[in-house]
Amino acid sequence: FFFQAEDGIRDYKVTGVQTCALPILSNLVIRRKLEQGTIVAQSRRATAGREFLASTDGWFHPVFLATGPDGALYIADFYRPLVEHPIYVASDEARQSVDWREGAGRGRIWRVIRREKGLPRSVPTPPSDLSLMELVGRLSHEVGWQRETAQRLLVEGRHVKATEAVRELLRTGATPQVRLHALWTLDGLGGLDDRDLDVALADPVDQVRAAGVALAEARVGTDPRWSEQWARLVGDPSPVVRLQLAASARLLPEIGRAHV
């Protein structure tokens, strides 16, 4: 199975929708919606009684999914009549007589967009061609590929001059995704400070608070302030935060661990 979060084929404000390709022997793609329970997410079909994508062509074999730079969903289609490798076929006669590579070179990539969005969106300027401040701004892009690539380039390039601009995104980012990218980018740049963690732990979205707990792990052994902060989080209303807190409490001295 392959799972891919959708960006371009759904409304950006809707979260938790995933697309799933079935194993290679199948010829369809299903779409499921993830719904967060208390801790464990559950999935259900996004559209009852209908597949997201299916084909009567026996050669169609979706083997991989990815969101592209334009937000569209890209599906890699193996496109061969046979997917088995001959070394796993028991019959020696079949191994010798069947053309196992029939269709080699005919694989394809399908690009899927929402019908109601009309013509495909143009691809934004590649992140590698942006100025430093434009690259920071790309952390706020609606397409996950753009945000993730911007974060990677900032961290890999050790662009510490962008630290303050990224810090501002942590405080003013319009979505939890943006604030999470900013938080982890600050950590990757070596610029994450106590004030940033205070902001993360006070975020209205539990996933951001949980990330703040995880990133404070490096400080609890040297600064008692953080063990006290964690003790206050025991009463957090979100089980996601409390679970992360329980996992991180392993780093506390035994007496502090008991309080958490």
Side-chain angles (χ1 to χ4, degrees), residues 2-19 21 29 53 62-79 105 107-193 195-197 199-200 203 205 207-208 211-212 214-215:
F2 297 94
F3 291 88
Q4 177 64 42
E6 302 168 12
D7 280 300
I9 63 171
R10 62 163 171 82
D11 186 320
Y12 178 60
K13 295 180 181 178
V14 179
T15 59
V17 179
Q18 303 278 320
T19 303
V29 175
L53 189 156
V63 295
F64 187 73
L65 305 170
T67 300
D70 56 352
L73 181 68
Y74 289 82
I75 301 174
D77 179 4
F78 191 64
Y79 205 71
R108 57 196 65 185
I109 298 175
W110 300 96
R111 184 172 184 266
V112 183
I113 61 172
R114 291 180 68 99
R115 180 183 291 116
E116 59 266 31
K117 286 191 177 291
L119 294 175
R121 292 179 292 181
S122 60
V123 179
T125 303
S128 57
D129 293 341
L130 298 175
S131 69
L132 185 57
M133 289 302 101
E134 288 173 332
L135 192 59
V136 173
R138 195 59 65 89
L139 292 173
S140 298
H141 201 279
E142 67 171 7
V143 174
W145 185 97
Q146 296 287 342
R147 298 193 305 273
E148 291 166 1
T149 303
Q151 178 178 337
R152 176 177 61 80
L153 292 177
L154 286 166
V155 173
E156 288 180 352
R158 304 301 299 168
H159 293 300
V160 294
K161 291 181 178 179
T163 299
E164 288 306 317
V166 175
R167 180 167 286 127
E168 183 63 20
L169 275 183
L170 173 62
R171 286 153 174 76
T172 63
T175 68
Q177 291 94 327
V178 174
R179 300 193 295 276
L180 278 170
H181 279 291
L183 185 64
W184 286 101
T185 301
L186 285 170
D187 180 62
L189 292 173
L192 188 69
D193 63 24
R195 294 170 301 164
D196 301 324
L197 288 174
V199 170
D203 196 277
V205 176
Q207 295 288 352
V208 181
L215 285 169

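Hydrogens, waters and symmetry mates play no part in the numbers below; they use all other heavy atoms, side chains included.
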Checklist line | For Pro127 against Thr149, the heavy-atom pair lying closest together | finding: CG-CG2, 3.9 Å
Notebook entry, point to check: How close do Val143 and Gly68 get, heavy atom to heavy atom, and via which atoms?
Noted result: CG1-O, 3.6 Å
Next item on the list: Kindly indicate whether the side chain of Leu154, heavy atoms from C-beta on, has any atom under 4.5 Å from the side chain of Leu132.
Entry: yes
Item checked: Neighbour count above 12 (heavy atom, 6.0 Å) for Trp184 CH2 -> yes
Check: Between CD1 of Ile109 and CD1 of Ile75, what distance do you get to the nearest 0.5 Å?
Finding: 11.0 Å
Notebook entry, point to check: Which distance, rounded to the nearest 0.5 Å, do you find between the CG of Leu215 and the CG of Leu186?
Noted result: 9.5 Å
Check: Rounded to the nearest 0.5 Å, how far does CG of Asp70 lie from CH2 of Trp145?
Finding: 9.5 Å
Next item on the list: Would you check if the side chain of Gln146 reaches a backbone N or O of Pro69 as a donor-acceptor pair within less than 3.5 Å?
Entry: yes
Next item on the list: Mind checking ring-ring contact (aromatic ring centres under 6.0 Å, His included) for Tyr74 and listing every partner two or more places apart, or none if nothing turns up?
Entry: none
Note to self: Could you check whether any side-chain heavy atom of His141 comes within less than 4.5 Å of a side-chain heavy atom of His181, counting everything from C-beta outward?
What the structure shows: no
Notebook entry, point to check: Looking at residues at least two apart in the chain, or sitting in another chain, which of them share a side chain to side chain contact (heavy atoms under 4.5 Å, CB included) with Ala165?
Noted result: Met133, Val136
Notebook entry, point to check: Which residues satisfy the salt bridge (charged side-chain N to carboxylate O under 4.0 Å, His left out) test with Arg158, sequence neighbours excluded?
Noted result: none
Next item on the list: Could you grab the distance from atom CG of Leu135 to atom NE2 of His159, nearest 0.5 Å is fine?
Entry: 6.5 Å
Note to self: Tell me if a side-chain donor or acceptor on Arg147 pairs with a main-chain N or O of Arg138 at a distance below 3.5 Å.
What the structure shows: no
Check: Which of these passes side chain to side chain contact (heavy atoms under 4.5 Å, CB included) with Asp203: Val208, Leu183, Leu180?
Finding: Val208
Item checked: Which atom of Ile113 lies closest to which atom of Ala72, heavy atoms considered -> CG2-CB, 3.7 Å
Note to self: Among residues at least two apart in sequence or on other chains, which ones pass salt bridge (charged side-chain N to carboxylate O under 4.0 Å, His left out) with Asp187?
What the structure shows: none
Next item on the list: Could you list the residues that satisfy side-chain hydrogen bond (donor to acceptor under 3.5 Å, both in side chains) with Arg152, not counting sequence neighbours?
Entry: Glu156
Check: Got a second to check how far Ser140's OG is from Leu169's CG, nearest 0.5 Å?
Finding: 4.5 Å
Item checked: Residues in salt bridge (charged side-chain N to carboxylate O under 4.0 Å, His left out) contact with Asp129, at least two apart in sequence or another chain -> none
Next item on the list: Identify the heavy atoms of Ala182 and Leu170 that sit nearest to each other, and give their distance.
Entry: CB-N, 3.6 Å
Notebook entry, point to check: Closest heavy-atom contact between Leu139 and Ala150?
Noted result: CD2-CB, 4.0 Å
Next item on the list: Apply salt bridge (charged side-chain N to carboxylate O under 4.0 Å, His left out) to Arg167 and list each qualifying residue two or more places apart in sequence or on a separate chain.
Entry: Glu164, Asp193, Asp196
Check: Which residues satisfy the side-chain hydrogen bond (donor to acceptor under 3.5 Å, both in side chains) test with Glu134, sequence neighbours excluded?
Finding: Ser131
